[in-house]
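A quick write-up on the structure given underneath.
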Amino acid sequence: MRIACPYCGPRENGEFSYLGDATPVRPSLEQGVDAMLDYVFLRDNVAGEMQELWYHGGGCRAWLKVTRNTLTHEISAVEAARGAGAAKVGKR
Amino acid sequence: MAELSWVATAPLSHVLKPGHHGAETGGSGVAYTGLSDFALVQVMARRGKASALAKAAKAHFGVAAPLKPKAVAAGGSLLIWSGPDQFLALSPRDGLASPLASLAGPLAGAASLSDQSDARALIRIAGPRARDVLAKFCSLDLDASVFPVGTAAATSVDHTAVTLWRGEDTAGGAATFNLLVFTSFAESLWHMMLDAGAAYGIEVGEASYGV
Amino acid sequence: MSSQSHRLASGGLIDRSTPMNFTFDGKPMTGYAGDTLASALVANGVRLVGRSFKYHRPRGILTAGSEEPNALVELRSGARREPNTKATTAELYDGLEAASQNRWPSLRHDFLSVNQLASPIFVAGFYYKTFMWPAALWEKLYEPLIRRAAGLGRAAEAPDPDSYEKAWAHCDVLVAGGGPTGLAAALAAGRTGARVILCDEGTQFGGRLLSDGGEIDSMPSGEWAAKALAELEALPNVRIMARTTVTGVYDGGVHSALERVSDHLPVPPAHTPRQRLWRIVARRSVVAAGAIERPIVFPGNDVPGVMTASAMRTYISRYAATPARRIALFTNNDDGWKTVEAALAAGLAVAAVVDSRAEISAAQRETARGAGFAILNGAVDRVDGGKDGIGSISVALAGGARATVEADGLAVSGGWNPALALTSYHRGRPKWRNDIAAFVPDSPPPGMHAAGAANGSFGLAACLADGHAAGASAASDLGFSKSAGKASSAADAPETPLSPVWHVAGKGKAFVDYQNDVTASDIELSAREGFQSVEHLKRYTTLGMATDQGKTSNVSGLAIMAAVTGRSIPETGTTIYRPPYVPTSMGALAGTNRGEHFHATRLTPSHHWAEEQGAVFVDTGLWKRAQWYPRAGEKDWLESVTREVRTVRSGVGFCDVSTLGKIDVHGPDAGAFLDRVYINTFSTLAVGKARYGLMLREDGMVYDDGTTSRLAEDHYFLTTTTAKAGPVMQHLEFCRQVLFPELDVQLTSVSDQWAQFSIAGPKVRDLLREIVDPEEDLSNEGFPFMGVREVALRGGIRARLFRISFSGEMAFEISVPARFGDALVRNLMRAGEPFGIIPYGTEALGVMRVEKGHVAGPELNGTTTAGDLGLGKMMSSKKDYIGRTMAGRDALTAPDRQVVVGIRPTDKARRLRSGAHLIPMGEMPEPSTDHGYVTSVCFSPMLDQWIGLGLLARGRDRIGEVMRAHDPLRGEDYDVEICNPVFYDPEGGRQRG
Amino acid sequence: MKYSIFSLARAALNGHKNWPRTWRDAAPKKHYDVVIIGGGGHGLATAWFLASRYGIKNVAVLEKGWIGSGNAGRNTTIIRSNYMLPGNIGFYELSMKLWETMEQDLNYNTMVSQRGIVNLYHSDAQRDAYARRGNAMRINGIDAELLDQDGVRKMMPFLNFEHARFPIQGGLLQRRAGTARHDAVVWGYAHAADKLGVDIIQNCEVTGFTRDKAGKVIGVETSRGAIGAGKVGMSVAGSSSRVAAMAGLRLPIESHVLQAFVSEAIKPLIPGVVTFGAGHFYVSQSDKGGLVFGGDIDGYNSYAQRGNMPTMEDVCEGGMALMPIIGRVRLLRQWGGIMDMSMDGSPIIDRTPVEGLYLNAGWCYGGFKATPGAGLTFAHLLARDEPHEEAARYRLDRFRTGWTIDEKGMGAQPNLH
């Protein structure tokens with residue numbers, strides 16, 4: 001698999017490490033236990049196009065949001081993940 | 001009081017043996033040069049200060065800092081892109097002076113600086129077979145059409161992060177690549193590189209950076 | 001038999017000026033450069049080359065390529081012994097040794113050929129129905145017998161002495177296969193300026209042209225191929241790779257390819273690997289892998305001397321070797337007839353052609369008339385013969401009559417299957433084409449296109465046109481607009497269509513999968529028992545699971561299944577294609593990463609000095625760390641370690657701790673950032689101070705710990721454990737980039753920048769005064785506990801000093817730029833000599849941390865909470881931080897959790913061992929009484945006994961309780977006392993000075 | 001027809017023309033007491049235990065393709081019970097005991113071969129961790145032995161004891177562990193369940209759940225029509241999230257690709273199963289002679305049933321580091337399966353929040369060895385509506401309570417388990 005890092009260009013997937021679904025947003029403390037349980041433990045586990053977090057640790061150290069099809073492994077978009085998991089409430 | 005002696009030890013000093021290595025036939029297909037006595041500073045833009053850093057860098061170095069994976073020469077320094085909003089400033093070492101001292105003022109407020117002078121070994125790989133050697137441990141496409149002189153890359157070798165850039169061709173027209181590797185990995189990678197290049201014959205040398 | 005008795009006097013692409021000696025089963029023979037082992041065996045008149053898997057039936061050479069199921073040998077000997085090597089692709093070299101396999105005591109007299117007698121019972125899946133009683137006999141008797149009978153060749157018994165390597169290549173267009181299609185594709189793409197890689201598994205390019213001849217662009221095809229190759233070689237943008245098989249395609253256009261660099265040589269030359277595994281990154285690829293001729297399933301089709309028609313003419317034309325003197329052909333298509341032409345041209349006799357088609361062309365009839373052989377419309381339904389070859393061939397004629405043909409070789413052509421495996425490795429299912437009775441590629445991986453025979457276009461003219469078009473369109477897709485030049489042309493003779501023949505019924509075993517001995521009746525049985533899905537068929541009968549992966553058997557097998565179940569072939573479907581296309585040696589897949597080079601090695605700044613001292617090293621992740629420094633006269637490690645601890649606790653010692661992860665945390669929000677990643681607060685830490693910090697995972701469990709210092713208002717220096725240096729950096733970058741982008745903070749790993757040493761012991765200040773500039777105040781007031789400062793060292797360099805202690809002694813950590821690490825240890829030794837300084841290793845470090853009750857890796861095991869470690873009070877309630885919410889879950893705050901305690905055997909002489917479990921006194925060890933276990937142990941020189949830490953349910957309430965340390969693995973069970981984990985200097989007076 | 005050497009010999013006399021189907025080709029009925037979704041090893045075992053132990057014979061197993069087409073037919077066939085934590089340890093030992101009588105129970109030779117597993121250790125810390133594990137096993141009545149380097153060398157002299165980057169120090173041995181013929185397990189359960197009246201319905205894909213007004217699941221919709229059910233059990237590793245989503249459930253599961261590999265057949269070399277402690281590699285040898293081996297998951301979510309080169313290379317590097325004598329043995333085939341990776345690395349056998357719907361999922365790497373145990377405990381849950389005591393900790397709500405079962409200590413990061 002090759003991931004086109006928006007900063008570095010196409011690279012071997014060995015340079016990257018995987019975290020998982022990029023959609024969930026870390027709940028703020030005020031949102032409480034249920035929101036955090038959902039964030040930490042539950043997954044949509046998409047069969048199809050999925051947005052996911054990859055870390056280019058073997059390259060520029062950028063966290064990336066990669067749109068990839070889990071059925072075919074085809075990657076349709078890669079962008080910086082900056083702020084992807086930031087809480088939408090609370091201090092910004 | 002005991003006499004103290006502060007002899008610096010270069011990362012490859014135990015393994016770098018100048019001379020010919022590997023296959024004897026047909027001269028050396030590749031030359032490895034261990035470069036020492038350099039100063040290396042990681043420059044990272046502070047949040048929202050990328051353009052301020054660019055300006056400050058331009059003012060200080062005389063050239064714009066690279067915004068893309070490039071290595072640009074700036075007087076005695078080389079500015080090597082190392083990631084978004086960051087670069088490495090490589091220059092000849094100035095004795096015991098901290099390389100941060102000269103940059104802290106000019107880049108104040110725009111960037112965070114970390115001294116990496118001792119965190120990396122610098123190896124130059126040049127010669128007609130340089131690309132063939134690199135193909136054995138580097139997954140990048142280094143063809144001249146996609147990796148022209150001055151291109152830089154943050155990539156991995158043997159599962160270890162490295163910084164790679166293409167320097168000016170040798171006088172004979174052969175490609176030159178420069179590799180910054182972590183100090184603690186340097187010996188291990190050096191042995192790996194000797195194995196990779198042995199079939200072509202390797203001319204091993206050492207030099208001070210910028211001299 | 002005289003040497004090369006079956007070699008034609010002239011012709012072939014062999015080099016008769018270079019004879020080569022080789023042995024087969026110890027018998028010396030001769031061949032020529034350019035031979036394969038198989039062609040050399042053919043030339044020497046060898047018929048019997050192997051034994052089948054299950055029935056141990058005698059087998060001969062069936063094919064001339066990588067699809068060979070029968071002719072497998074053990075090649076070479078000793079540590080280079082290579083089992084299951086296909087004689088058909090092994091290039092002959094002088095001195096080659098080959099041995100037949102899966103036979104005992106000899107190939108001609110194989111004891112297990114008795115299996116054939118039991119073959120009425122040994123049908124598909126028989127073993128599932130028996131060997132169940134008595135139960136014990138399965139493992140003791142039946143299974144070992146089955147195992148011994150199965151398997152093929154033997155692996156070597158010593159490590160492979162040859163080297164392997166891997167390499168990367170990149171191109172615009174990869175062409176897999178160097179036959180007419182591949183050459184045409186490479187030419188078309190190469191001429192446009194696209195970067196092209198052309199691979200062929202053979203030594204010579206040309207594919208079927210090498211065997212079949214013909215004319216291209218009005219010249220002999222061989223001449224055309226040479227010219228094409230010359231043009232390609234002259235193009236700087238084209239790379240030609242012989243002996244290289246494209247074996248797989250992965251995501252993103254990554255192709256695997258195996259280059260057999262030295263397999264054609266007795267041993268690899270110096271500095272040269274045996275094989276090289278390529279990872280070829282291609283934007284487009286053209287699969288020009290050709291097609292594989294399929295045998296027909298009929299009784300006796302495995303008698304040595306039965307060969308695919310194309311293989312037979314390859315041996316005759318390309319290698320000038322004659323598999324038979326008098327051949328018959330059984331075909332259902334025109335292509336098979338080419339073998340007749342080749343045989344006649346070589347002066348061999350043709351006994352008959354059995355053609356399943358009623359319609360025979362005038363030209364073919366003319367050939368038969370001229371050569372004086374009969375054309376029989378019908379099918380071969382029996383071959384008599386044995387291990388020495390064919391006796392006679394029985395033919396069922398179309399009208400119902402029978403005929404017998406006397407011949408010593410039978411060429412068989414059941415049509416061709418496109419070699420489409422590469423196109424299906426991404427789960428694309430091939431589609432059926434009735435006109436050629438074969439599957440052709442469908443929905444190949446992105447960027448891949450099949451051409452020529454691999455795409456079902458079998459004629460030479462079609463291959464050339466298809467190849468050219470594929471190469472040209474691949475290049476133009478990528479924007480290469482230069483001309484692809486003119487396509488080459490050839491004239492294909494008009495063909496009579498193939499008429500499918502899959503299985504000719506008759507008496508005797510008719511083999512579908514030769515190697516695995518799967519017969520037509522096995523397939524019928526499989527259908528009868530309900531194993532009708534092709535995957536069930538494969539799994540029940542082992543069809544297609546042999547070393548050829550069904551290249552000659554799969555389509556025939558499923559055609560028979562289709563017929564038995566009354567379905568069409570496309571309805572029946574195909575099994576899933578899986579890489580690699582040809583079996584690939586483990587050595588090549590591993591490359592240079594083996595032995596001591598399995599993983600990279602990281603060295604500390606004091607490594608070479610420690611080596612000089614004779615240190616014993618331990619692997620910690622990739623690091624080599626000094627474990628202890630033995631001295632002359634010390635009888636074991638314990639004595640050395642004990643000395644090191646005693647010396648530190650009474651004098652002074654130092655330890656290289658450079659392996660700790662070190663991270664510069666910069667920026668105005670650095671403090672706020674650390675507050676979110678640590679459970680405790682760092683924004684309030686004063687400049688010049690250090691603090692111990694604990695990180696959780698988001699699920700509330702402890703992630704890592706370390707000391708973090710504030711060097712400036714906007715600069716912290718964070719340390720991690722050695723093991724977690726990389727993961728913590730990744731985690732912090734995640735927090736910075738993904739979770740908290742609003743914070744102005746920058747992270748840089750500086751792990752390798754600093755040589756860092758812990759210097760500990762009551763005499764540490766005395767030592768430091770020798771090293772540090774006299775101006776520096778090292779007193780308790782001038783440099784208090786947890787203080788941090790940059791200091792000048794005598795002689796001009798600067799260092800960072802941290803007054804932190806892991807050992808519990810008065811201690812500092814000192815860090816200098818890594819290039820001075822070696823000098824620093826030498827200076828420490830010199831300056832410390834009057835104080836009896838010693839270096840100490842990780843063992844002594846570990847002893848002192850256990851004595852102090854500090855937690856480390858065994859306690860930070862990913863399932864402990866801050867509370868479990870006795871650090872719950874550090875959890876701030878004034879802020880959010882990673883893991884805070886989940887750390888509050890019931891189970892993580894339950895009172896009966898296992899928490900860290902100290903443990904010491906009640907018998908002071910007793911050795912305590914990690915991994916022992918803690919059972920209450922008077923209880924039997926069982927799951928309900930298993931209350932915890934010992935995590936870390938050491939011999940404590942200070943307490944003069946073994947002590948340890950453990951995790952124990954409700955441990956803090958059980959201080960003073962005596963429990964059983966139950967260690968059945970090591971046959972031990974002894975009493976221990978639960979105690980406070982801080983064994984030594986619990987008040988901490990020593991480190992505070 | 002009862003399978004035995006005698007029936008086999010009799011059948012041979014007439015060319016094996018009279019063997020009946022191994023299981024009937026059943027057509028779906030209107031209603032079953034229990035409908036199991038998923039004709040893998042777990043689903044079929046569940047049906048057999050329901051029929052044979054709990055007397056519930058009006059059972060259907062619905063399979064979207066052919067039975068055993070999922071992980072049951074793609075694994076590396078290892079069986080073992082060398083677990084460490086309460087919750088796992090008892091369960092896997094229950095399963096191990098069921099393996100030991102499976103062939104006689106089912107009248108089908110599933111080739112259970114207890115030739116042992118050795119988990120190698122290469123450092124003191126690893127040895128200590130294995131000591132903890134082995135002692136936990138012994139306390140639970142499971143066999144375990146701690147070998148030193150000599151002990152390992154005696155069993156497997158062909159391993160790399162010289163010039164290794166991470167020298168072998170010893171290993172944890174479970175002699176009762178081993179391998180079984182994976183497809184035969186599927187066919188054996190199908191055969192035996194079929195004999196007890198269970199309907200095995202292939203090519204029957206579940207497309208939705210039928211719910212009553214209260215929301216209770218009362219049946220399934222399938223590609224072969226609606227089928228009513230008293231209870232519905234999901235046993236669809238690899239598709240758990242997709243099937244659960246039809247009932248509106250989200251699971252603590254990610255789907256990952258795990259690759260496996262087989263070499264060409266060679267004469268017997270490896271006595272049992274061995275796992276490398278310093279790299280990602282484990283291997284056994286099949287009855288046919290192929291080295292069956294694997295390593296870690298590729299590490300990214302995937303339903304593609306195929307992986308990529310870095311993992312294959314990593315595994316083969318481990319293989320060569322451990323066993324340099326296999327340098328010239330060839331890898332024959334690589335494949336990939338979809339792993340239900342749960343958030344703590346342990347499975348789920350539980351009721352779901354939807355009444356009438358039961359879940360067996362999240363097996364990570366452990367699914368094959370769990371087959372009989374999962375069958376029994378899931379059958380128990382379906383029959384009694386309460387968890388079997390050995391599966392009582394496999395609760396869906398353990399992530400909320402915190403009573404997770406995390407053998408590797410990696411937390412909610414499925415690709416690290």
Side-chain angles (χ1 to χ4, degrees), chain B residues 1-11 13-14 22-23 36 42 44-49 85-86 96 98 111-120 132 134-143 145-146 158-161 182-189 191-192 195-196 198-201, chain C residues 163 165-170 195 270-272 279 281 592-593 597 599-605 608 622-623 658-659 664 666-669 714-715 741-746 748-755 770-771 793-798 817-824 826-827 830-831 833:
Chain B
M1 280 204 161
E3 200 59 34
L4 302 187
S5 148
W6 296 106
V7 179
T9 309
S13 61
H14 271 80
S36 49
Q42 173 77 61
M44 305 184 82
R46 292 213 159 155
R47 184 172 184 270
K49 298 285 172 59
D85 300 339
Q86 52 171 289
L96 287 174
S98 165
S112 295
L113 308 176
S114 289
D115 187 358
Q116 301 280 27
S117 309
D118 292 60
R120 303 286 191 281
D132 296 312
L134 279 155
K136 296 183 188 178
F137 52 80
C138 171
S139 65
L140 301 189
D141 186 355
L142 299 176
D143 189 80
S145 63
V146 289
D158 205 7
H159 306 290
T160 306
F182 283 114
T183 303
S184 60
F185 282 97
E187 285 196 17
S188 188
L189 292 178
H191 287 300
M192 183 274 293
D195 285 347
Y200 312 119
Chain C
S163 67
E165 67 183 23
K166 298 191 227 177
W168 291 91
H170 302 261
R195 291 164 67 200
H271 310 300
T272 307
R279 282 77 53 99
V281 184
T592 55
N593 292 71
H597 304 293
H599 280 345
T601 303
R602 298 182 78 176
L603 302 181
T604 66
H608 293 290
L622 297 180
W623 290 99
S658 306
T659 60
D664 266 349
H666 281 289
D669 295 329
D714 58 357
H715 182 197
E742 72 278 14
L743 297 181
D744 187 357
V745 59
Q746 291 79 41
T748 305
S749 168
V750 291
S751 294
D752 284 25
Q753 170 66 18
W754 300 100
E770 299 281 321
I771 299 281
L793 303 187
R794 286 175 48 223
I797 78 161
R798 298 187 70 77
R819 67 182 184 279
F820 295 119
D822 183 85
L824 177 59
R826 291 173 200 276
N827 286 331
R830 210 171 298 140
E833 207 182 330

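Letters A, B, ... are given to chains in the order of the sequence lines, protein chains preceding strands, and every chain is numbered from 1. No experiment lies behind these values; they were computed from the predicted model shown.
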Working to the nearest 0.5 Å, report the span between CH2 of B:W6 and CD1 of C:I797. 4.0 Å
Going by the rule ring-ring contact (aromatic ring centres under 6.0 Å, His included), which residues pair with B:H14 if we only count those two or more places apart in sequence or in a different chain? C:H608
Select one option (side chain, backbone, both, neither) describing which atoms of C:L824 are under 4.5 Å from chain B's heavy atoms. both
Applying a strict 4.5 Å limit to non-hydrogen atoms, the region of C:T601 in contact with chain B is both
Any chance you could measure C:R819, atom CZ, to B:T183, atom OG1, to the nearest 0.5 Å? 10.5 Å
Looking at C:N827, C:D669, C:D714, which one has more heavy-atom pairs under 4.5 Å with chain B than the rest? C:N827
Which atoms of B:A198 approach chain C - backbone, side chain, both or neither, heavy atom under 4.5 Å: both
For the interface with chain C, which of B:A186, B:G22, B:S13 has the highest count of heavy-atom pairs at distances below 4.5 Å? B:G22
Side chain / backbone / both / neither for C:A600 at chain B, heavy atoms under 4.5 Å: both
Closest non-hydrogen atoms of C:Q746 and B:R46, given as atom of the first, atom of the second and distance, are NE2-CA, 3.2 Å
Winner by heavy-atom pair count (cut-off under 4.5 Å) against chain C, out of B:K136, B:M192, B:H159: B:K136
Cut-off 4.5 Å, heavy atoms of chain C, and the answer for B:L189 is neither
Given that the side chain runs from C-beta out, which part of B:Q116 has a heavy atom under 4.5 Å from chain C: side chain, backbone, both or neither? both
Heavy-atom distance under 4.5 Å to chain B: side chain of C:W623, backbone, both or neither? side chain
I'd like to know whether B:D141 forms a side chain to side chain contact (heavy atoms under 4.5 Å, CB included) with C:R195, so could you lay out the CA-CA distance, the side-chain angles of the two residues, the decisive distance to 0.1 Å, and finally the verdict. CA-CA 12 Å; B:D141 186 355; C:R195 291 164 67 200; 2.8 Å; yes
In Å and rounded to the nearest 0.5 Å, what is the CD to CZ distance from C:Q753 to B:R120? 9.0 Å
Residue among C:V281, C:T592, C:T659, C:V750 with most heavy-atom pairs under 4.5 Å to chain B: C:V750
For C:H666 and B:S112, the nearest pair of non-hydrogen atoms, with its separation, is CB-OG, 3.1 Å
Roughly how far, to the nearest 0.5 Å, is the CG atom of B:D158 from the NE2 atom of C:H599? 9.0 Å
Region of C:I771 that comes under 4.5 Å of a non-hydrogen atom in chain B: both
Side chain to side chain donor-acceptor pair (under 3.5 Å) filter on B:Q86, not counting sequence neighbours, yields B:Q42, B:S82
Among the listed options C:A831, C:G667, C:S751, the residue most often paired with chain B at heavy-atom distances under 4.5 Å: C:G667
Under 4.5 Å from a heavy atom of chain C, the part of B:S98 involved: neither
Scored by heavy-atom pairs under 4.5 Å with chain C, the best of B:S5, B:A10, B:A199, B:S139 is B:S139
Would you mind telling me which of B:V7, B:L96, B:T9 makes a side chain to side chain contact (heavy atoms under 4.5 Å, CB included) with C:F820? B:L96
Side-chain (C:H170) to main-chain (B:L140) donor-acceptor, under 3.5 angstrom: yes
Would you mind telling me which of C:E770, C:R794, C:E833 has the largest number of heavy-atom pairs within less than 4.5 Å of chain B? C:R794
Specify which of B:V146, B:D132, B:D143, B:L134 makes the most heavy-atom pairs with chain C at under 4.5 Å. B:D143
Which bit of C:S749 comes within less than 4.5 Å of chain B, counting heavy atoms only: side chain, backbone, both or neither? backbone
Which distance, rounded to the nearest 0.5 Å, do you find between the OG of B:S188 and the CG of C:L603? 7.5 Å
Please round to the nearest 0.5 Å and tell me the distance separating atom NE2 of C:H271 and atom OH of B:Y200. 12.5 Å
